[in-house]
Amino acid sequence: MEIWHNPSCSKCATARATLDEARVPYRLRAYLTEPPTAAELTEVLRRLEARAWDICRTGEPAAVTLGMADWPRDDDTEPRWIAAMVAHPELIQRPILLLDDGSALVGRTPEALDEAVRRTDG
């Protein structure tokens with residue numbers, strides 16, 4: 001599994017601790033210093049079965065400056081959302097868990113972390 005994480009994020013620390021306790025192996029990707037490409041983010045959205053605005057942190061200063069809370073949320077504007085999140089990776093919700101089975105989860109809740117462990121255990 002790969003975890004898109006921010007080392008200073010408490011939710012990311014909880015995800016790492018939960019996976020460590022369950023002895024689930026993972027690779028870390030510090031997505032703030034190694035941002036995804038538009039193609040990578042599009043693939044993650046597919047794996048999450050989500051739209052770009054579903055995982056965008058619209059309260060972040062960059063999102064406020066861009067006025068993203070007022071952007072349309074439709075097929076025509078989704079590339080604009082993705083481009084903004086690639087340019088400003090701090091806008092991407094975290095942690096994102098990319099499971100080896102091809103699925104993905106946003107690991108912000110104990111339930112999501114339990115699900116990640118369950119899917120990894122088979």
Side-chain angles (χ1 to χ4, degrees):
M1 152 181 344
E2 180 173 277
I3 303 174
W4 287 13
H5 82 115
N6 174 344
S8 63
C9 167
S10 64
K11 297 286 187 185
C12 294
T14 298
R16 291 190 312 271
T18 299
L19 297 173
D20 287 345
E21 185 177 320
R23 298 178 187 240
V24 173
Y26 57 85
R27 300 169 300 287
L28 293 175
R29 178 173 179 171
Y31 71 96
L32 296 177
T33 57
E34 189 184 337
T37 64
E40 285 176 311
L41 186 53
T42 299
E43 173 61 13
V44 166
L45 289 166
R46 184 195 66 75
R47 291 172 70 170
L48 287 168
E49 298 179 357
R51 303 299 298 264
W53 45 85
D54 296 331
I55 65 163
C56 185
R57 300 170 59 89
T58 56
E60 291 288 326
V64 172
T65 298
L66 292 169
M68 292 178 78
D70 297 325
W71 286 8
R73 297 174 184 216
D74 57 30
D75 291 344
D76 291 339
T77 58
E78 190 161 28
R80 181 180 179 198
W81 284 82
I82 291 170
M85 293 164 69
V86 167
H88 304 279
E90 68 274 17
L91 300 178
I92 301 170
Q93 190 57 269
R94 60 188 183 255
I96 294 179
L97 312 176
L98 304 175
L99 284 70
D100 292 339
D101 68 2
S103 64
L105 297 164
V106 177
R108 295 189 62 77
T109 65
E111 295 79 17
L113 296 173
D114 289 346
E115 179 66 13
V117 170
R118 187 189 64 73
R119 289 189 197 177
T120 302
D121 285 345

So which atom in [X] and which in [Y] form the shortest heavy-atom distance, rounded to 0.1 Å?
X	Y	answer
Thr58	Ala63	O-CB, 3.4 Å
Leu97	Ala116	CD1-CB, 3.7 Å
Leu91	Ala84	CD1-O, 3.9 Å
Gly59	Val64	O-CG2, 3.9 Å
Gly107	Ala112	CA-CB, 4.1 Å

Are Leu32 and Ile92 side-chain neighbours, meaning at least one heavy-atom pair lies under 4.5 Å? no
Can you check whether Val117 reaches Leu113 side chain to side chain, under 4.5 Å on heavy atoms? no
According to a hydrophobic-cluster definition based on side-chain heavy atoms being under 4.5 Å apart (Ile, Leu, Val, Met, Phe, Trp, Tyr only), do Leu28 and Leu98 belong together? no
Kindly compute the distance separating [atom1] ([X]) from [atom2] ([Y]), expressed to the nearest 0.5 Å.
X	Y	atom1	atom2	answer
Thr14	Leu19	OG1	CG	10.5 Å
Leu105	Asp114	CG	CG	11.0 Å
Glu90	Met85	CD	CE	10.5 Å
Ser8	Arg94	OG	CZ	6.5 Å
Met68	Glu60	CE	CD	11.0 Å
Leu41	Ile96	CG	CD1	7.0 Å

Within the side chain of [X], is there an N or O that forms a donor-acceptor pair under 3.5 Å with the backbone of [Y]?
X	Y	answer
Arg29	Glu34	yes
Thr120	Val24	no
Thr37	Glu40	yes
Trp81	Trp71	no
Arg47	Leu99	yes

Relative to each other, are the rings of Trp4 and Tyr31 parallel, tilted or perpendicular (30° and 60° limits)? parallel
Residues two or more places apart in sequence or in another chain: which of them pass side chain to side chain contact (heavy atoms under 4.5 Å, CB included) with Arg27? Glu2, Asp100
Pairs under 3.5 angstrom only: tabulate donor-acceptor contacts from the side chains of residues 48-56 to other protein residues two or more places apart or in another chain.
unit_1 : atom_1 : unit_2 : atom_2 : d
Arg51  : NE     : Glu78  : OE1    : 2.8
Arg51  : NE     : Glu78  : OE2    : 3.3
Arg51  : NH1    : Asp75  : OD1    : 3.3
Arg51  : NH2    : Asp75  : OD1    : 2.6
Arg51  : NH2    : Glu78  : OE1    : 2.8
Asp54  : OD2    : Arg51  : N      : 2.8

